[in-house]
Amino acid sequence: MNNILQLVWLIPVLPLLGFLINGLGRKQLTKSLSGIIGSGVILISFVLSVVVFLQIGSNHNETIHLFDFIKLNAFKITFDFKIDQLSALFLLIITGVGFLIHVYSTAYMHDEDGKDFAKYFAYLNLFVFSMLLLVMGGNYLIMFIGWEGVGLCSYLLIGYWFRNTDYTNAAKKAFIMNRIGDLGFLLALFWLIAVVGTVQYDELFTAANLAKLSAFDVTGITLLLFVGATGKSAQIPLFTWLPDAMAGPTPVSALIHAATMVTAGIYMIARSNVLFSMAHQTQVVITIVGLATALLAASIAIKQNDIKKVLAYSTVSQLGFMFLALGTGNYVAAVFHVLTHAFFKALMFLGSGSVIHAMGGEQDIRKMGGLHKHMKITSFTFLIGCIAIAGIPGFSGFFSKDEILAGAFAHNPYIYALALFAALLTAFYMFRLYIITFTGSFRGTHEQEHHLHESPKAMTIPLIVLAILSIIGGYIGVPESLGGSHHLGKYLAGVIKAEAHHLDHTTEYMLMGLSTGLVLLSIIYAWMRFKNYKIEGESKGLGKVLENKWYVDELYQMAIVNPLKSTSAFFNKIIENKIIDGAVNGVGKLVNYGGRQLRWIQSGQVGAYVLLMVIGMLLLFFIQLFL
Amino acid sequence: MDIKSYIALALTLFTIGIIGVLVRRNAIIIFMCVELMLNAVNLLLVAFSKMHALSTAAKASVNYASDAQIFVFFIMVVAAAEVSVGLAIIVMMYRNVHTVDVNFLNRLKN
Amino acid sequence: MGNYITFPDLLIWLPLLAAAFSFISKDERGAKNSAIIFSLLILGVSVATLFFTNDTQYLSYNHVNYIWLKYMGANYYVGLDGTGRLLTLLTAIGFPLIFISTSNSKYENPSRFYGLMMLTQAGLMGVFMAMDALTFYFFWELALIPVYFLCSIWGGEKRIQATFKFFVYTFAGSLLMLIGIIYVYLHTQGRTFGDGTTSAHSFAMSAFYTVQLSASEQNWLFILFFIAFAIKMPIFPFHTWQPEAYNQSPTSVTMVLSGIMVKMGLFGAMRWLIPVFPEASAHFKQLIVILSVIGIVYASCIAMMQDNIKKLVAYSSIAHIGLMSAAIFSMNQISVQGAMMQMFNHGINIIGMWVVIDIIERRTGVKKISELSGLAHSAPVLTILFIVIALANIALPLTNAFAGEFLMFSGLYNFSHWMAAVAGIGIILSAVYTLNMIQKVFYGSVNSLTTDVKDVSWNEKLVLIIIVGIIFFVGIYPQPLIELTKEAVNNMVVSVQ
């Protein structure tokens with residue numbers, strides 16, 4: 001039995017292999033071959049992940065030691081993989097959803113050159129490799145390696161169409177914002193190393209080692225870790241990169257910027273739940289940030305007209321929900337929402353990809369409309385996604401979101417109220433998107449209308465699979481109040497010490513009823529408002545603020561980027577050139593000047609030399625005799 | 001004779017030499033003045049040597065007294081060699097620039 | 001000592017021999033070939049040294065100790081320890097890479113050029129192996145002087161000015177150090193030689209390490225030595241010679257300067273500064289770490305503003321060196337170990353950067369970032385290799401610089417939390433300027449300058465692939481570097497405590 005777990009390193013190595021083959025052989029491989037290799041390795045990894053998942057069961061965990069990464073006397077960081085319930089679950093999400101998206105990509109990216117096609121799959125495989133490293137790492141350093149790795153792949157894939165400067169700007173922004181978060185993560189690691197001396201989960205989360213941490217240490221470390229998470233998972237204040245990241249190919253947005261990479265922050269906090277449960281101040285901060293992000297992003301999503309931007313803000317908002325759950329100590333709910341969100345958000349991104357594919361690259365929903373007639377599968381699956389995210393009972397999003405809301409209510413009713421409001425906004429903007437895009441009449445050009453078609457099988461099959469998962473995915477976590485037994489919670493019990501919130505069943509029913517009712521109302525409102533959608537003029541007042549994303553980008557530009565630039569320019573022009581180099585050159589000039597002033601002594605007249613000599617000698621005599 | 005007279009003479013000769021070097025521009029005269037200074041020092045050396053030879057310390061040693069006298073001869077030999085070199089330089093200088101004025105030679109190149 | 005040839009002998013005499021061969025060879029091919037062949041030979045020797053690390057067994061292979069100036073108590077003493085092995089390896093790897101990658105460049109007087117290059121190598125090797133202060137000083141100057149000629153003869157337009165500044169600046173530092181060496185020397189115990197004679201004082205490293213000096217003497221001497229090393233490294237605010245010198249030197253010389261020669265300063269601090277003046281080091285470390293950290297942020301900010309690609313890399317190098325010096329002066333095992341690894345890795349990475357920049361400059365004739373665009377179209381292989389090297393330069397995990405930088409930051413954090421946090425800003429800024437450069441030079445659409453750029457030729461590809469190979473090997477498995485230098489680091493750290 002252990003033998004299979006010893007081979008667990010194959011799971012990340014296979015995508016790496018795919019990356020190498022596709023990357024090095026990109027000139028030789030045909031498109032279909034690189035597609036097959038790219039998806040095939042992920043499929044094998046998925047199968048292996050399933051085997052691991054079954055092996056590991058619900059009460060087993062294993063640390064697989066590969067080699068010592070850094071070993072310096074007592075200080076030691078090993079290259080370990082830790083396989084437990086949490087990582088096994090993430091393995092399934094990453095390789096499973098990853099595989100579907102790879103298959104989808106073979107069709108979506110088919111217009112690319114052979115070389116670029118292979119490059120795309122190489123990057124995608126590299127991403128899966130890094131992501132797997134992130135979740136499988138047996139210590140924070142390996143997690144960090146994966147953490148930066150996914151950031152890099154995200155950078156490469158956002159800037160995949162590198163001819164366009166806007167896209168490469170977006171890529172750069174994503175990488176830099178991630179790096180800001182990464183610095184927080186790194187500092188947390190240094191803090192841990194300084195106090196405890198290890199970053200290995202198994203050693204760190206023991207009572208003896210945790211006791212070494214003072215309350216201040218715990219708060220500091222967890223806050224820094226959370227800074228790392230805000231970068232990767234696009235929370236306030238580091239969220240603005242994610243909407244821009246939509247510059248990448250749509251399957252990339254589905255895989256990286258919806259299903260997997262952006263949930264790394266949640267994974268990290270869930271992984272360190274022991275630490276976070278010890279730090280109450282941090283939890284408060286996480287709750288506030290999560291809630292604020294959920295509200296802010298949802299409000300922006302209402303006014304966006306780019307199909308992918310709406311989904312991007314929706315992702316930010318949903319991630320905010322997950323952080324809200326984490327902040328209220330409801331780790332299982334957060335992981336649960338990661339799972340269901342991976343299904344329905346990947347589904348919707350792929351669906352939007354299908355739409356964009358049919359529209360010939362057009363992303364503006366104002367120019368769409370009535371697409372339901374032309375692409376039924378896409379439309380239906382998209383609708384399922386919308387229902388799931390809105391939280392209609394029976395669909396996966398309901399269970400996970402309800403659990404988050406219930407946890408929030410148990411924590412503080414005001415938080416619940418605000419979170420519920422964000423959930424209503426979610427339902428509203430998702431259905432706005434659906435209604436404008438798929439119902440009504442077509443508003444684009446004739447040429448586009450003529451071109452409209454359902455996407456090929458390689459694209460629709462992943463959609464269907466994800467749609468099914470979006471429906472049934474929730475049933476692994478049916479709460480006890482609805483007669484379920486919350487399999488997921490029990491499954492993760494070994495890794496996550498749940499801070500149980502106790503609500504009696506009546507309250508839970510009431511909350512469910514309330515949220516369901518309000519969500520339905522907001523959907524109906526969306527239907528009334530947008531069923532006869534016409535292109536609107538410029539918004540005014542609050543609408544304009546929302547359309548411009550609360551001017552956050554402008555604010556950052558003004559408050560951070562511009563001052564940094566002018567400071568640098570000041571350093572460059574004044575301090576470097578004038579002061580420091582000026583001082584250095586000044587010494588040179590002084591010597592030069594002094595030399596020039598003394599030059600008259602060296603007149604070349606022998607007489608003058610002799611005179612000086614005589615004067616000198618007389619002086620010496622004088623000094624010798626009289627002083 | 002008192003040693004002071006010798007010192008006074010040597011000093012006078014030396015001063016004449018210095019002033020000669022300082023104020024004259026003719027290379028040959030400067031050269032002669034340098035020789036004058038050299039000989040002033042020689043004279044002084046001999047005078048001191050003589051004075052020293054009369055002291056008790058010197059009498060203890062046999063050949064101590066005549067050291068400086070020999071040294072003066074040595075200086076004269078070297079001076080003679082130096083004169084030949086110096087005059088040769090002056091002759092070369094005259095051939096090149098047709099003057100023996102030292103102020104004319106205030107730069108090494110060009 | 002023994003009557004066989006030892007490693008230090010080979011590492012010093014082979015470059016000198018190569019220099020002689022290059023000087024006397026009449027045509028370019030002879031000079032170049034002898035330089036390349038000898039540098040490969042030296043690399044072989046240097047790799048061999050890695051297998052003879054056990055000093056109890058191989059002491060006589062690794063150390064050469066001849067009586068040099070007996071009455072002064074100076075020996076010609078060169079030997080290899082862990083640090084020495086690592087840095088001589090860097091030197092030995094660096095030179096063949098430089099020669100091969102720039103073998104298409106045409107130089108006037110090639111025999112002199114290659115001769116001087118090999119002379120520099122001899123000097124560098126000597127610096128990294130010297131175990132006697134006078135030997136050290138001798139090689140220190142030997143490494144500097146050929147570089148002066150290399151820059152001022154084969155450099156760019158403003159070479160005379162830039163080189164003059166570089167030379168005078170570093171030479172002034174060297175002289176201060178010489179004063180310091182002499183002062184310390186005069187306070188050392190005498191040395192007894194093999195034949196029973198003794199000298200009044202001694203230049204031996206061991207004598208320097210045990211010298212008794214008062215606190216105020218130590219402080220003054222520390223400053224003298226430190227300025228010499230700080231100029232060489234260079235750290236803020238002694239760095240202004242560097243960007244212009246890098247910009248004006250021929251690229252192969254820039255590679256030597258930035259890849260290997262700046263390590264002389266760091267190495268000097270590790271071997272001749274901190275252990276000789278432990279109390280003064282403890283006294284000044286706070287100040288130096290602060291200066292270094294300021295330098296990191298400051299140089300990164302300026303790097304963001306540069307339009308000249310060579311100056312950008314020069315400033316990024318100042319930032320990296322600042323981190324290394326901060327780590328060294330944090331003086332704990334972890335940080336010094338990290339700095340040690342980083343000295344090697346930074347050398348490899350920056351040589352790689354220059355190789356690419358040299359290719360770009362030779363193909364397009366410009367080094368202004370704003371004039372370049374879209375190289376990824378015309379030279380995809382170059383782009384990929386460069387991106388790997390550039391990312392290694394900003395210490396992405398699984399590239400060589402990561403382990404070192406992680407250790408350095410970790411040690412620096414132990415020294416001071418705030419310093420580590422401020423230095424961390426450098427991590428972010430390094431991403432900013434590196435990605436800016438990649439975006440502007442390689443992405444976007446091609447312009448008239450970049451349309452016809454040829455992709456890498458076989459020799460350039462070979463060099464870049466070797467560099468990338470080292471980047472990944474060390475990145476994934478950094479432990480060998482740690483094993484190699486662990487003991488030397490430990491000795492240094494213990495000597496301070």
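Every chain is numbered from 1 and lettered A, B, ... according to where its sequence line falls, protein lines coming before strand lines.
- Within the 3.5 Å criterion, the main-chain N or O of C:Tyr443 finds no donor-acceptor partner in the side chain of A:Arg163.
- Looking only at side-chain heavy atoms (C-beta outward), C:Tyr298 and A:Ile575 come within less than 4.5 Å of each other.
- Inter-residue side-chain proximity for C:Phe406 and A:Phe190 is flagged as met; some heavy-atom pair is nearer than 4.5 Å.
- Only the side chain of A:Phe67 has a heavy atom closer than 4.5 Å to any heavy atom of chain C.
- The closest side-chain heavy-atom distance from A:Thr165 to C:Lys440 is not below 4.5 Å.
- Neither the backbone nor the side chain of A:Lys573 comes within contact range of chain C, judged by heavy atoms closer than 4.5 Å.
- Shown here are the salt bridge (Lys or Arg N to Asp or Glu O under 4.0 Å) partners of A:Lys172, two or more places apart in sequence or in another chain: there are none.
- Residues passing the salt bridge (Lys or Arg N to Asp or Glu O under 4.0 Å) test with A:Glu576, sequence neighbours excluded: none.
- Within the 4.5 angstrom heavy-atom criterion, only side-chain atoms of A:Leu183, from C-beta onward, approach chain C.
- Contacts between A:Asn169 and chain C at a heavy-atom distance below 4.5 Å involve backbone atoms as well as side-chain atoms.
- Annotation: ring pair (Phe, Tyr, Trp, His ring centres under 6.0 Å) contacts of A:Phe81 (sequence neighbours excluded): none.
- Contact annotation for A:Phe69: both backbone and side-chain heavy atoms come within less than 4.5 Å of a heavy atom of chain C.
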Query raised in the report: Would C:Leu391 and A:Tyr155 count as a side chain to side chain contact (heavy atoms under 4.5 Å, CB included) if you check the C-alpha gap in whole Å, the side-chain angles of each, and the deciding distance to 0.1 Å?
Result: CA-CA 12 Å; C:Leu391 292 175; A:Tyr155 165 75; 5.7 Å; no

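- Ranked by heavy-atom pairs shorter than 4.5 Å toward chain A, the options C:Leu396, C:Leu412, C:Asn414, C:Ile476 are led by C:Leu396.
- Taking the side chain as every heavy atom from C-beta outward, A:Asp581 and C:Glu244 never approach each other to under 4.5 Å.
- Contacts from residues 299-308 of chain C to chain A, taken as heavy-atom pairs separated by less than 4.5 Å, involve C:Cys301, C:Ile302, C:Met304, C:Met305, C:Gln306 in sequence order.
- Contact of A:Ile193 with chain C is made through the side chain alone, with heavy-atom distances under 4.5 Å.
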